[in-house]
Amino acid sequence: MKIGLPRGVQDILPEEIPYWHLIEKTARSIFEKYNYEEIRTPIFEYTELFVKGTGETTDIVMKEMYTFTDKKGRSLTLRPEGTPGVIRAYLTNKIYTSKPVWKVYYIGPMFRYERPQAGRYRQFHQLGVEVLGRKDPYIDFEVINIAVEILKSLELENIEVEINSLGCSQCRPKYREALKSYFSKYEDLLSPIDKERLERNPLRILDSKDEKVISLKEDAPQPLDFLCEDCKKHFDKVTNYLSIANLNYKINPKLVRGLDYYTRTVFEITTTTLGAQNAVVGGGRYDNLVETYGGPQIPGLGFALGIERLILLLKQQAKLGIEKQKLLFLAIEDENYLKKAIEISQVLQKNFKVEVGPLEEPLRAQLRLADKIGADFVLIINSSLIERNFIKIRDFKSGEEKNISIDNLIETLNTML
RNA sequence: GUGAACGUAGCUCAGGAUGGUAGAGCGCUGGGUUGUGGCCCCAGUGGUCGCGGGUUCAAGUCCCGCCGUUCACCCCA
């Protein structure tokens, strides 16, 4: 019986791994330079964590979670995003008692029950950061800057940073009401989904792609006009820092994002070349989230980046500068040299990537295998050379050959490869 | 969750409107040639046509259901 693959998940085969390593390596080194430390939280948590944090009115919680009950009847959920788990870890380990600021990053799989599509899978991977304990606008800039730096280091083109502010618990309710009363006037034009949003979460209507709503949105009240003094100042400073750093951005007053916990700064990094799934990075500030979980009043913010989407972009641009280590292949003329071959291979493998051929088989078979696995150089031990303690090396792509002394084999190879 | 297209050999794909139990290229295996791989030549290997059901004397082809892929909606990373 053949067992297939569940919908929306995939194997990441060895051929793909260089992309993953490149992204992880690049991101890690940037995170470390900004003084972020890695954290690994569980893949599943209590369902409640996401319902309270991500928000019960969000699509993620309402219809996209992988939720199950364990043998004791507890409701558990495969994490659909990284932030709630990190906040939970912050509280579980009472980090706030020892560290005024906590800056962490994570890399790992997330799970959402959605219809798969280009750049959208049921198991997908994100890397991201969370900062707890800093309310100053510089840190908003830093978080955006880190995301951009990762993309720039990977030489990505056609990316755009969009930013907006959603206000705080002081000014947001006023905006919410203004938006609600504005769209209420046009309730007849709204789709059933948008009507529901009107009650539940009017900000989300700004996200609507309904044709009729798109034109209505033009004249809708904008969150930036409703910001309180403090929020306005905060936003101005963030954008000012972006300008100082020469980081191009666009203020998008309709950017609201699909998670409930955001306050003040929200941002997205999008690309024009990924079709419908154009967001590569998303993030923002969440000054009330720690409190929502019953913790102290600690401000926070972060972003998440979709690794699969980033890989799609890297492939499109075909700019991947991943160098493969040259592969050496060791072959012998006949079995008399088997012992010698094993001795040499021991030395070689301390320094190079080496495949030892099927030494009991004819040389011809050994070489054929060398060709098939794509060897770059083949070392051949044969009778005429071994007496003088020499070995033959052939550049398998060009066919060029050389005899080199076994005594300084490593040194010679180092200069050749 | 909605809509559309698609699923034939290990891979890329033909065949399908007009039903008669499958083809190509590449790959793979063996042999020839080559000191000792590639190139070339010869021979061979390949498929419950995604799965299940239905119509029919007969289904890869028509119909239905399921699974999967892709794209869009939706949503987001």
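All chains are named by letter (A, B, ...) in the order of the sequence lines, taking the proteins before the strands, and each is independently numbered beginning at 1.
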Enquirer: Suppose we call a contact any N or O donor and acceptor under 3.5 Å apart; does that hold for the side chain of A:Arg120 and the base of B:C71?
Expert: no
Enquirer: Please report the distance separating the P of B:G23 from the corresponding atom of B:G16, rounded so that it comes out in whole Å.
Expert: 14 Å
Enquirer: Nearest heavy atom decides the nucleotide; on that basis, is A:Val9 or A:Gly282 closer to the 5' end of RNA chain B?
Expert: A:Val9
Enquirer: How would you label the contact of A:Leu259 with the nucleic acid (heavy atoms, under 4.0 Å): base, sugar-phosphate, or nothing?
Expert: sugar-phosphate
Enquirer: Does B:A72 have OP1 or OP2 sitting under 4.0 Å from an N or O in the side chain of A:Gln117?
Expert: yes
Enquirer: Within the 4.0 Å heavy-atom criterion, would you say A:Ala118 contacts the bases, only the backbone, or no part of the nucleic acid?
Expert: sugar-phosphate
Enquirer: Looking at A:Lys250 and A:Glu160, is there a salt bridge between them, counting it only when a charged N and a carboxylate O are closer than 4.0 Å?
Expert: yes
Enquirer: When rounded to the nearest Å, what value does the distance between P atoms of B:C28 and B:G10 take?
Expert: 14 Å
Enquirer: If you pin A:Tyr113 and A:Leu305 to their nearest nucleotides in RNA chain B, which one's is more 5'?
Expert: A:Tyr113
Enquirer: Between A:Phe183 and A:Tyr186, is the gap from one ring center to the other below 6.0 Å?
Expert: no
Enquirer: Counting any heavy atom closer than 4.0 Å, what does A:Glu64 reach on the DNA or RNA strands: base, sugar-phosphate only, or nothing?
Expert: sugar-phosphate
Enquirer: Provide the distance between the two C1' atoms, one in B:A58 and one in B:U18, to the nearest whole Å.
Expert: 16 Å
Enquirer: If the P atom of B:C13 is compared with that of B:G50, how far apart are they to the nearest Å?
Expert: 15 Å
Enquirer: For RNA chain B, please output the secondary structure as dot-bracket, reading 5' to 3'. Pairs are Watson-Crick or G-U wobble, both atom distances under 3.5 Å; mark crossing pairs with [ ], other-strand partners with |, unpaired with a dot.
Expert: (((((((..((((......[..)))).(((((.......))))).....(((((..]....))))))))))))....
Enquirer: Are the ring centres of A:Tyr46 and A:Phe50 closer than 6.0 Å?
Expert: no
Enquirer: Where the side chain of A:Pro116 is defined as all heavy atoms beyond and including C-beta, which of B:G35, B:C76, B:U70 is the nearest nucleotide?
Expert: B:U70
Enquirer: With a 3.5 Å cut-off and no angle check, do the side chains of A:Glu48 and A:Ser75 form a donor-acceptor pair?
Expert: no
Enquirer: Across the strands shown, which category fits A:Lys372 at heavy-atom distances under 4.0 angstrom: base, sugar-phosphate, nothing?
Expert: sugar-phosphate
Enquirer: Can you confirm whether A:Glu268 sits close enough to A:Leu255 that some side-chain heavy atom of one is under 4.5 Å from a side-chain heavy atom of the other?
Expert: yes
Enquirer: Determine which pairs satisfy salt bridge (Lys or Arg N to Asp or Glu O under 4.0 Å) with at least one residue from residues 281-291 of chain A, sequence neighbours left out, and list them in order.
Expert: A:Asp140-A:Arg285, A:Arg285-A:Asp287
Enquirer: Could you check whether A:Phe329 gets within reach of a base, just the sugar-phosphate, or nothing at all, counting any heavy atom under 4.0 Å?
Expert: nothing
Enquirer: So A:Gly128, base contact, sugar-phosphate only, or nothing? Heavy-atom distance under 4.0 Å.
Expert: nothing
Enquirer: Of the nucleotides B:G35, B:C76, B:G38, which one has an atom closest to the side chain of A:Asp371?
Expert: B:G38
Enquirer: Can you tell which of A:Gln10, A:His21, A:Lys315 makes a side-chain hydrogen bond (donor to acceptor under 3.5 Å, both in side chains) with A:Glu16?
Expert: A:Lys315
Enquirer: Measure from the side chain of A:Lys63, starting at C-beta and using heavy atoms only, and say which of B:U36, B:A77, B:C74 lies closest.
Expert: B:C74
Enquirer: In whole Å, measure the gap between the P atoms of B:G30 and B:U21 for me.
Expert: 34 Å
Enquirer: Please confirm whether A:Tyr105 and A:Tyr36 have ring centers closer than 6.0 angstrom.
Expert: no
Enquirer: Please check if any side-chain donor atom of A:Thr83 sits under 3.5 Å from a side-chain acceptor atom of A:Glu130, or the reverse.
Expert: yes
Enquirer: May I ask whether A:Phe124 stacks on the base of B:A77, given the cut-offs of 5.5 Å between ring centres and 30° between planes?
Expert: yes
Enquirer: With a 3.5 Å cut-off and just heavy-atom distances, do the side chain of A:Arg115 and the base of B:G3 make a donor-acceptor pair?
Expert: yes
Enquirer: Base, sugar-phosphate, or nothing: which does A:Ala370 touch, judged by heavy atoms less than 4.0 Å apart?
Expert: nothing
Enquirer: Between A:Arg7 and B:C67, is there a side-chain N or O to OP1/OP2 distance below 4.0 Å?
Expert: no
Enquirer: Please work out if A:Gly283 contacts a base, only the sugar-phosphate, or nothing of the nucleic acid, heavy-atom cut-off 4.0 Å.
Expert: nothing
Enquirer: Can you tell me how far P in B:U2 sits from the matching atom in B:A17, rounded to whole Å?
Expert: 30 Å
Enquirer: Give one of base, sugar-phosphate or nothing for A:Arg368, where a contact means two heavy atoms less than 4.0 Å apart.
Expert: sugar-phosphate
Enquirer: Regarding A:Phe303, tell me which of base, sugar-phosphate or nothing describes its non-hydrogen contacts under 4.0 Å with the strands shown.
Expert: nothing
